Amino acid sequence: MPELPEVETVRRGLAPLLIGRRLLRAQVAERRLREQVSLAEFRRVEGATVVDVRRRSKYLLLDTSAGQTVLVHLGMTGQIWVADHDRPPAPHQHVVIPLDDGREIRFADTRRFGLLRVVAEARLSGHPLLRGLGPEPFDPALSAADLRSGSRGRRRPVKSLLLDTGTIAGIGNIYACEALFRAGIHPARAVGRIRTDRWERLLEELRAVLTEAIRAGGTTLRDFLNAEGGPGYFRIRLRVYDREGDPCGRCGRSIRRIVQAGRSTFYCAGCQR
DNA sequence: AAATGAACCTGTTTGC
DNA sequence: TGCAAACAGGTTCATT
């Protein structure tokens, strides 16, 4: 569900609600997430103030005055928002962190692929969850020339490279498909057979689609909600994702669906080579 | 070494 | 109508 634009949307919504607030004692209804939720970890931020809300790849980072950071991942169906404490609990609401203003942070996750951890800020960059991440898509250090040279001779399908968070962080299935369509590159094309100018174009289109999606508040297919509990509006602007059989808006041919590495890929055989 | 498939979960949609 | 299979935005581990 949530890829970079959705997590960034949540980050922007949470930041003004959380910065300056104190975190009180966490309540855990279900600890069996992707990793076990630890009450002991949350004790380390009890009474601490949130000083910043950041994002790295698809992770949210709540930095606190205790020098500890709450690391949040939404998996496929995770939601995190702020609610008044007297609101009834949402379905699959697993963790609540009360705030000092009568409200509380709520985390719900139907499929439980998400996680919440508390990590010392000084150890964040070396932490196993973050250590292997590649550059952010908007990092100016990410270059077409590097992608080209790193791909020479490789036969890996380009879509699989986009989904590899060790190469570029934060891209998921929707925006990988959309960026490839916009760049006119076939998702199965071997990375070693893409020239530098096409890498330039792909990087450009990737950044453009992410920017537009963030501006629209992300894509809601079924579960995604922002920090205010509302949906994102980028879905209607998707050109290929989840549009199998629809006519391509550019050439009119039918959008195809194939499976790559066990995941659906949507593309236009007329526009993508 | 690199790529695919399975696994982790629950809910919804699709097809017979 | 009912049931089973397929599928879902992510990540990691095991297996070719």
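Within every chain, numbering begins at 1; the chains are lettered A, B, ... in the order of the sequence lines, protein sequences first and strands thereafter. Because the structure is a prediction, the values reported are computed rather than measured.
Computed from coordinates, the A:His92 NE2 to B:dC9 P distance equals 14 Å when rounded to whole Å. Distance A:Arg31 CZ to B:dC8 P: 20 Å, rounded to the nearest Å. Taking atom NZ on A:Lys159 and atom P on B:dA2, their separation rounds to 20 Å, with Å as the unit. The distance between atom CZ of A:Arg263 and atom P of B:dA7, rounded to the nearest whole Å, is 17 Å. At whole-Å resolution of the value, CG in A:Leu163 and P in C:dT12 are 14 Å apart. Remark: P of C:dG10 and CD of A:Gln79 are 15 Å apart, rounded to the nearest angstrom. Whole-Å rounding puts the A:Arg257 CZ to B:dT14 P distance at 12 Å. The CZ-P distance, from A:Arg32 to B:dC9, rounds to 8 Å in whole Å.
Residue A:Glu3 has its side chain nearest to C:dG10 when only C:dG10, C:dA8, B:dA3 are considered. Comparing C:dT11, B:dT4, C:dA8 by their closest approach to the side chain of A:Met76 singles out C:dA8. When distances run from any side-chain atom of A:Arg112 to the nucleotides B:dC9, C:dT12, B:dT4, the shortest one goes to B:dC9.
Base pairing of C:dA5: its partner is B:dT13, meeting the Watson-Crick or G-U wobble criterion (both donor-acceptor distances under 3.5 Å).
Side-chain contact between A:Ile105 and A:Val96 is absent, with no heavy-atom pair separated by less than 4.5 Å. A 4.5 Å side-chain heavy-atom check between A:His92 and A:Asp109 finds every atom pair outside the cut-off.
Residue A:Ser264 is in sugar-phosphate contact alone, with no base atom involved, counting any heavy-atom pair closer than 4.0 Å across all strands shown.
Nucleotides B:dA6 and C:dA5 are separated by 15 Å at their P atoms, to the nearest Å. The gap from the P atom of B:dG5 to that of C:dA6 amounts to 15 Å, rounded to the nearest Å. For the P atoms, the distance linking B:dG11 with C:dT1 amounts to 23 Å, nearest Å. Separating the C1' atom of C:dG2 from that of B:dC9 is a span of 24 Å, rounded to the nearest Å.
Look at A:Arg34 and you won't find any side-chain N or O under 4.0 angstrom from OP1 or OP2 of C:dT11.
Each of A:Arg154 and A:Phe113 lies near DNA chain B, and the nucleotide nearest A:Arg154 is the one positioned closer to the 5' end.
Around the NE2 atom of A:His85, the shell of radius 6.0 Å holds no more than 12 heavy atoms that belong to other residues, nucleotides or ligands. Environment of CZ in A:Arg256: sparse, with no more than 12 heavy atoms of neighbouring residues, nucleotides or ligands closer than 6.0 Å.
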Criterion salt bridge (Lys or Arg N to Asp or Glu O under 4.0 Å) on A:Arg156 and A:Asp164, from CA distance to verdict
CA-CA 11 Å; A:Arg156 148 129 90 157; A:Asp164 174 9; 3.0 Å; yes
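With hydrogens and angles ignored, a donor-acceptor pair closer than 3.5 Å exists between the side chain of A:Arg111 and the base of B:dC9.
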